Amino acid sequence: MNLKEEIIKLKNELDVTLVAHFYQRDEVFELADITGDSLELAKKVMLTDSKYVVFCGVGFMGESVKVMSPEKRVLMPKIACCAMARMIDVGYYEENLKKINEAGISNDEILPITYINSSAAVKAKVGQMGGMVCTSSNAYKIIEKGLKSGKKIFFVPDRCLGQNFAKSLNLKSAIVGDGSDLKEADIICYNGFCSVHQQFSVEDIEFYRERFPDILIAVHPECDPSVCDAADFVGSTSQLITYIKELDPEQKIAVGTEFNMVSRLRDKNTYILSSTKPECPTMNETTLQDVYNTLKSIKDDKISKETEIFVSEDTAKWAKVALERMFEV
């Protein structure tokens, strides 16, 4: 059986949209009807008329689609788990708030902002506290709007993103639990991180600059602040794609983000900013067989609860509030 041909055939037969994040395997990515980063995908899916969405990505992304398009049945061939998103849950969120309170900062003095890489339950908690969601591409605008409230920003779950944006805005940041003075900080960061983007180092940058003196370095803001400080360009997934594609084809560039995305950007003069393969293990869980099985389950009316995304009514209500506040900025 030719899986690609069978998937295309099922897509044409069914009332379905196949969606894939930039970090997916090439063979899955190339069959998708809609591709993009997590925010783009949630927005684009809202505009489709399909009854079914088959989402190839990680769990929090499927939840965001379900929250914004509750009328659709959202299926994931693999409900893979983003490691960063798993670093925070409602319990850890409230535990960190308690530590902030113990530092002499009340909840009334805090505006929470969650990176989109978080569960619907965490987004709902943020929404209930008057906060909102951000992505790596719009975090500047979201944080600037948040600061107008006169409150301190509690940024979850990625400490690197919070630190990098604080530095770029000439603000002070601190990490909960690392001994720093939270009262002195404008942005208080939860101590989470992306394991893939922690693979890139200043030593990697020095290696490439020594080998190719004119090389450019472009990285994602989930990288450590020291790496972002040493780079020529820092941007979200979509911003990195635009920046790199607009370069002269002869310009060499080393890129600090997920392997699958970088490998399909240009045919030459593009390098991975790491001595190891920075591949997101959970994004690579979804296979063509998984996609085929999910589409076949729709056709046979035998959808498994293990592949369908469900979000409780109350969680969806407040998570949507937090997401819509982002869209308004």
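These figures come from a predicted structure and were not determined experimentally.
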From Leu161 atom CG to Cys194 atom SG, the distance as rounded to the nearest 0.5 Å: 10.5 Å
Side-chain cluster (under 4.5 Å, hydrophobic types only) that Leu47 belongs to, other residues: none
Asp314 side chain to Ser312 side chain, donor-acceptor N/O pair below 3.5 angstrom: no
For Lys302, side chain to side chain contact (heavy atoms under 4.5 Å, CB included) partners two or more places apart: Asp300
Pairing residues for Glu30 by the side chain to side chain donor-acceptor pair (under 3.5 Å) criterion, not counting sequence neighbours: Lys4
Test item: Glu63 side-chain N/O and Ala120 main-chain N/O as donor-acceptor pair under 3.5 Å: yes
Asp290 and its side-chain hydrogen bond (donor to acceptor under 3.5 Å, both in side chains) partner, picked from Asn293, Thr294, Thr287, Thr286: Thr287
Phe207: partners by ring pair (Phe, Tyr, Trp, His ring centres under 6.0 Å), with sequence neighbours left out: none
Lys11 versus Thr17, side-chain donor and acceptor atoms under 3.5 Å: no
More than 12 heavy atoms of other groups within 6.0 Å of Lys145 NZ: no
Sub-4.5 Å side-chain heavy-atom contact between Val329 and Asn138: no
Distance, nearest 0.5 Å, that separates CD1 of Ile153 from CG of Leu171: 9.0 Å
Interatomic spacing from OG in Ser173 to CG in Asp186 - rounded to 0.5 Å: 8.5 Å
Student check: side-chain heavy atoms of Phe200 and Val219 closer than 4.5 Å: no
Closest non-hydrogen atom pair between Ile116 and Ser64, with its separation: CG1-OG, 4.3 Å
Least distance between heavy atoms, Ala124 atom then Thr315 atom: CB-O, 3.6 Å
Salt-bridge present (Lys268, Glu250; N to O < 4.0 Å): yes
For Glu94, all residues meeting side chain to side chain contact (heavy atoms under 4.5 Å, CB included), sequence neighbours excluded: Val90, Lys125
Main-chain N/O of Cys81 paired with Thr282 side-chain donor or acceptor, under 3.5 Å: yes
From Phe155 atom CZ to Cys189 atom SG, the distance as rounded to the nearest 0.5 Å: 7.5 Å
Backbone of Glu71 reached by a side-chain donor or acceptor of Ser69 within 3.5 Å: no
Between CE on residue Met84 and CE on residue Met87, distance to nearest 0.5 Å: 7.5 Å
Throw together a table of side-chain donor-acceptor distances under 3.5 angstrom for residues 221-233, partners on residues two or more places apart or in other chains.
from   : atom 1 : to     : atom 2 : distance (Å)
Glu222 : OE1    : His197 : ND1    : 3.1
Glu222 : OE2    : Tyr115 : OH     : 2.5
Asp224 : OD2    : Ser226 : N      : 3.0
Asp224 : OD2    : Ser226 : OG     : 2.6
Asp229 : OD2    : Lys167 : NZ     : 2.8
Asp232 : OD2    : Arg209 : NH1    : 3.3
Asp232 : OD2    : Arg209 : NH2    : 3.2
Asp232 : OD2    : Ile217 : N      : 2.8

Minimum heavy-atom distance between Arg325 and Gly131, given as atom pair plus value: NH1-O, 2.8 Å
Short side-chain to backbone donor-acceptor contact, Lys151 and Asn107, under 3.5 Å: no
Ile113 side chain near Val133 side chain, heavy-atom distance below 4.5 Å: no
Side chains of Met283 and Met61 in contact at under 4.5 Å (non-hydrogen atoms): yes
Taking every non-hydrogen atom, the tightest pair across Val19 and Val53: CG2-CG1, 3.9 Å
Other cluster members, Phe310 - Ile/Leu/Val/Met/Phe/Trp/Tyr, side-chain contacts below 4.5 Å: none
Euclidean distance, Cys82 SG relative to His21 NE2, rounded to 0.5 Å: 9.5 Å
Side-chain heavy-atom pair Val262, Thr270 within 4.5 angstrom cut-off: yes
Tyr208 and Phe212 aromatic ring geometry - parallel, tilted or perpendicular at 30°/60° bounds: parallel
Residues clustered with Leu10, ILVMFWY side-chain links under 4.5 angstrom: Met1, Leu3, Ile7, Ile8, Leu14, Val16, Leu18, Val28, Leu31, Tyr52, Val54, Leu75, Leu288, Val291, Tyr292, Leu295, Ile298, Ile303
Pairs meeting criterion ring-ring contact (aromatic ring centres under 6.0 Å, His included) with involvement of residues 121-153, two or more places apart: Tyr140-Phe165
N/O donor-acceptor pair under 3.5 Å between Lys72 side chain and Thr48 backbone: yes
Any side-chain heavy-atom pair of Thr307 and Met76 under 4.5 Å: no
For Cys160 against Gln198, the heavy-atom pair lying closest together: SG-NE2, 3.4 Å
Pair Asp26-Arg264, salt bridge (charged side-chain N to carboxylate O under 4.0 Å, His left out): steps then yes or no: CA-CA 8 Å; Asp26 286 346; Arg264 64 174 79 101; 2.8 Å; yes
Members sharing Phe154's hydrophobic cluster (side chains within less than 4.5 Å): Ile88, Tyr92, Tyr93, Leu97, Ile100, Ile105, Ile110, Val122, Val126, Met129, Val156, Val176, Leu182, Ile188, Tyr190
Sidechain-backbone polar pair: Glu328 side chain, Leu323 backbone, donor-acceptor under 3.5 Å: no
Any side-chain heavy-atom pair of His220 and Leu240 under 4.5 Å: yes
Contacts of type side chain to side chain contact (heavy atoms under 4.5 Å, CB included), residue Ser236, not counting sequence neighbours: Ser136, Ser137, Ser238, Gln239
Side chains of Asn191 and Asp178, donor plus acceptor under 3.5 Å: no
Pro249 backbone acceptor or donor facing Asn269 side chain under 3.5 Å: yes
Distance-only polar pair, side chains of Glu6 and Asn2, donor-acceptor under 3.5 Å: no
Student check: side-chain heavy atoms of Asp37 and Thr135 closer than 4.5 Å: no
Closest contact, heavy atoms only, Leu111 versus Ser149: CD2-OG, 4.1 Å
Test side chain to side chain contact (heavy atoms under 4.5 Å, CB included) applied to Glu279 - qualifying residues, sequence neighbours left out: Glu258, Phe259, Asn260, Lys277, Asn284
